Amino acid sequence: HLKLILLQLLLMMAHILIVDDEAAIRFLVRTVLESASHSVFEAQDGGTALNMLETYPKPFDMIILDLRMPKMHGFEFLSILQNRPIPVPVIILSAHSEQVPQALESVVSSRFLKPFRRQELNDTVNRLLGESTSPSYMEKRTETMTEYSLHGSGTDWFQPWYSIHR
């Protein structure tokens, strides 16, 4: 029973990044996720999202990503994210049914077409967060964080990855 309570607390404290060029979509997704007690952050394009990944002091627990955006397309963002040392679940949320290139499939955890159903998004977010708190995932995440000295303060944890991909 205690494990279930702890898992629920972990799910409630998720930090989720929404990357979409449409303000109305970001607002809608934010509303859905905040009503489920998640902390939500927004980026209007992939470049801004990468900057947030660099400057935010705690790694995001999930990213919800549009594919067609100005400045940096979602596929370009995914290819950079794929080489990031800390794994993070990614949900594709797009109005277009584009195929994700096979080389990037391992980065994508789930996919929704716009418009989406609120409950379906909530259920998927909770399922993926539950999977990301599994012992094997947490062990991999902890090993990676230790390897890159992520237990320190600030954004030092991000530099080994970011400097390679600049």
Side-chain angles (χ1 to χ4, degrees), residues 1-82 84 86-138 140-141 145 158:
H1 186 68
L2 183 58
K3 280 186 176 182
L4 180 59
I5 292 170
L6 290 174
L7 179 59
Q8 288 173 335
L9 286 173
L10 284 171
L11 292 177
M12 289 174 55
M13 294 185 267
H15 298 278
I16 301 173
L17 177 60
I18 303 167
V19 187
D20 197 305
D21 60 321
E22 296 179 56
I25 296 295
R26 290 194 314 267
F27 175 79
L28 179 60
V29 174
R30 171 186 278 278
T31 302
V32 169
L33 297 175
E34 285 180 341
S35 71
S37 301
H38 299 298
S39 297
V40 180
F41 302 84
E42 299 178 21
Q44 69 273 10
D45 59 64
T48 303
L50 286 177
N51 186 46
M52 292 176 75
L53 288 170
E54 179 183 357
T55 59
Y56 189 70
K58 179 185 183 287
F60 289 100
D61 299 306
M62 178 175 290
I63 297 172
I64 298 177
L65 176 70
D66 186 18
L67 291 177
R68 292 190 183 180
M69 297 177 290
K71 297 183 184 177
M72 182 183 287
H73 197 276
F75 292 134
E76 184 180 352
F77 179 82
L78 282 173
S79 67
I80 293 170
L81 190 66
Q82 183 176 35
R84 190 168 181 249
I86 300 176
V88 58
V90 176
I91 296 175
I92 299 292
L93 181 62
S94 181
H96 309 280
S97 59
E98 297 169 271
Q99 276 298 104
V100 174
Q102 190 172 1
L104 299 175
E105 279 290 335
S106 65
V107 185
V108 178
S109 302
S110 189
R111 196 183 168 122
F112 284 90
L113 283 174
K114 298 174 189 172
F116 62 91
R117 291 192 170 116
R118 175 187 182 122
Q119 189 59 50
E120 189 176 354
L121 179 63
N122 265 331
D123 290 347
T124 301
V125 166
N126 288 334
R127 177 181 56 80
L128 292 173
L129 289 173
E131 289 172 5
S132 70
T133 58
S134 69
S136 61
Y137 180 89
M138 292 304 286
K140 181 178 180 183
R141 188 172 171 120
M145 290 176 77
F158 188 81

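Not measured: the values here are computed from a predicted model.
The line from CG of D21 to CG of D66 is 5.5 Å long, rounded to the nearest 0.5 Å. Rounded to the nearest 0.5 angstrom, I92 CD1 and I63 CD1 are separated by 10.0 Å.
F41 and H15 have tilted rings, their planes meeting at an angle from 30° to 60° on a 0 to 90° scale.
When every heavy atom of G46 is checked against every heavy atom of M69, the shortest pair comes out as N-CE, 3.9 Å. Shown here for A14 and D61, the closest heavy-atom pair between the two residues is CA-OD2, 3.2 Å. Nearest heavy-atom pair, P70 versus D45, reported as atom, atom and distance to 0.1 Å: O-CB, 3.4 Å. When all heavy atoms of V32 and S35 are compared, the pair lying nearest together is O-OG, 2.7 Å.
Applying the side-chain contact (heavy atoms from CB on, under 4.5 Å) criterion to S110, with sequence neighbours excluded, gives I91, F112, T124, R127, L128. Annotation: salt bridge (charged side-chain N to carboxylate O under 4.0 Å, His left out) contacts of R26 (sequence neighbours excluded): E42. With sequence neighbours excluded, the residues satisfying salt bridge (charged side-chain N to carboxylate O under 4.0 Å, His left out) with E34 are R30.
For K114, the NZ atom is densely surrounded, since the number of other residues' heavy atoms within 6.0 Å is greater than 12.
Residue I64 forms a side-chain contact (heavy atoms from CB on, under 4.5 Å) with just one option from D20, L93, V19, and that option is L93.
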